[in-house]
Amino acid sequence: MVLVLLGAPGAGKGTQAPILAERLGIPVLASGNLLRAAVAERTALGREADRFMSRGQLVPDATIVRVFLDRLEATDAVDGAILDGFPRTKIQAEALDDALAETDRRVDLAGYIEVPLEELVVRMASRRICTANGHVYNLVSNPPRRFGVCDIDGSDLVQRADDHEATVRARMVEQVPALLEVVEHYRDHGVLRSVDGRLPIDAVTDQLLATVQDMRPV
Ligand code: AMP
């Protein structure tokens, strides 16, 4: 099963993706984590991506499509994968369709985690991620057991550079219209399912798993 997680920045894709991966036994590919690793390593990709990410803008389609689809191909995704953060534009969605079609696959489900925009801006002020693997916490709604330390791998928790309020607003302005086009793309393909992202984390997971069951061929 190829499962795409859709949602505005802060909707909970990065929280849900690893939970679903464990429950479904398939890997996660998270474009933001991939880019942040490249930025930290100061590779050519990282230097290019950082110019856009630090302003809340999308990395150009040509760059992210090449990098992400290469990674998808290289990952052990025979039983499927969960895509977090890709595709983010219609061009990326079409490129993904074409790449999957080459091996007779397709996006089986696009799970759209819907949250009102104003709630997202508030959420992101208290979001923290771990430095080792990008595990996601929220100081208010999903705090770590020990302050400042990741429950899963023990690394330090930090605020993402692009989670400061001015950048958050820029990300919403830039990314939400593109997201809505991607939502329409999957609606047209009959694989879009929406879940209520204002619910507690467990309830959102349950809704997403229920949509997975619905979409699985019997
Ligand atoms: P995320 O961790 O998914 O919120 O991504 C962080 C930032 O990485 C985004 O705000 C974009 O600047 C960039 N990014 C991640 N995925 C993509 C994508 N599919 N297309 C373009 N830019 C992306």
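None of these values were measured; they are calculated from a predicted model. Numbering of ligands and ligand atoms starts at 1, following listing order.
In terms of N/O distances under 3.5 Å, ligand 1 is approached by V59. Considering both main-chain and side-chain atoms, G85 comes within under 3.5 Å of ligand 1 through a nitrogen or oxygen pair. For a threshold of 3.5 Å applied to N or O pairs, the pair formed by N33 and ligand 1 contains no separation below that value.
With salt bridges taken as basic N to acidic carboxylate O contacts below 4.0 Å, one links D163 and R171. A salt bridge links R187 to E184: one of the charged nitrogens lies within less than 4.0 Å of a carboxylate oxygen.
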Practice task
For E119 and R198, run side chain to side chain contact (heavy atoms under 4.5 Å, CB included): C-alpha distance rounded to whole Å, both residues' side-chain angles, the deciding distance at 0.1 Å, then the answer.
Solution key: CA-CA 9 Å; E119 181 170 332; R198 291 169 304 182; 3.6 Å; yes

Practice task
Using the side chain to side chain contact (heavy atoms under 4.5 Å, CB included) rule, take L109 and V212 through it: C-alpha gap first, then chi angles, then the decisive distance, then the call.
Solution key: CA-CA 7 Å; L109 169 64; V212 170; 3.6 Å; yes

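Of the N and O atoms on the side chains of T89 and E181, not one donor lies less than 3.5 Å from an acceptor on the other residue.
Here the heavy atom of the protein found nearest to atom 7 (C) of ligand 1 is M53 CE, 3.8 Å. Counting only heavy atoms of the protein, atom 13 (C) of ligand 1 lies nearest to L35 CD1, 3.6 Å. Remark: minimum distance from atom 6 (C) of ligand 1 to any protein heavy atom is reached at R160 NH2, 3.4 Å. Nearest non-hydrogen protein atom to atom 1 (P) of ligand 1 is R88 NH2, 3.3 Å.
Close approach of ligand 1 to Q92 is summarised as follows: ligand atoms under 4.0 Å from at least one heavy atom of the residue are 18 (C), 19 (N), 20 (N), 21 (C). In the vicinity of Q57, heavy-atom distances shorter than 4.0 Å reach the ligand 1 atoms 11 (C), 12 (O). Within ligand 1, the atoms closer than 4.0 Å to a non-hydrogen atom of S31 are 15 (C), 16 (N), 17 (C), 19 (N), numbered from 1 in the order shown.
Here the SG-OH distance, from C130 to Y137, works out to 6.5 Å after rounding to the nearest 0.5 Å. Note that CG of N142 and CZ of R127 are 12.0 Å apart. Values are rounded to the nearest 0.5 Å.
Within 6.0 Å of the CZ atom in R71, the count of heavy atoms belonging to other residues, nucleotides or ligands does not exceed 12.
The option with the heavy atom closest to atom 9 (C) of ligand 1, from among R171, E174, Q175, is Q175.
Taking a 4.0 Å cut-off on heavy atoms, R36 registers as neighbouring ligand 1.
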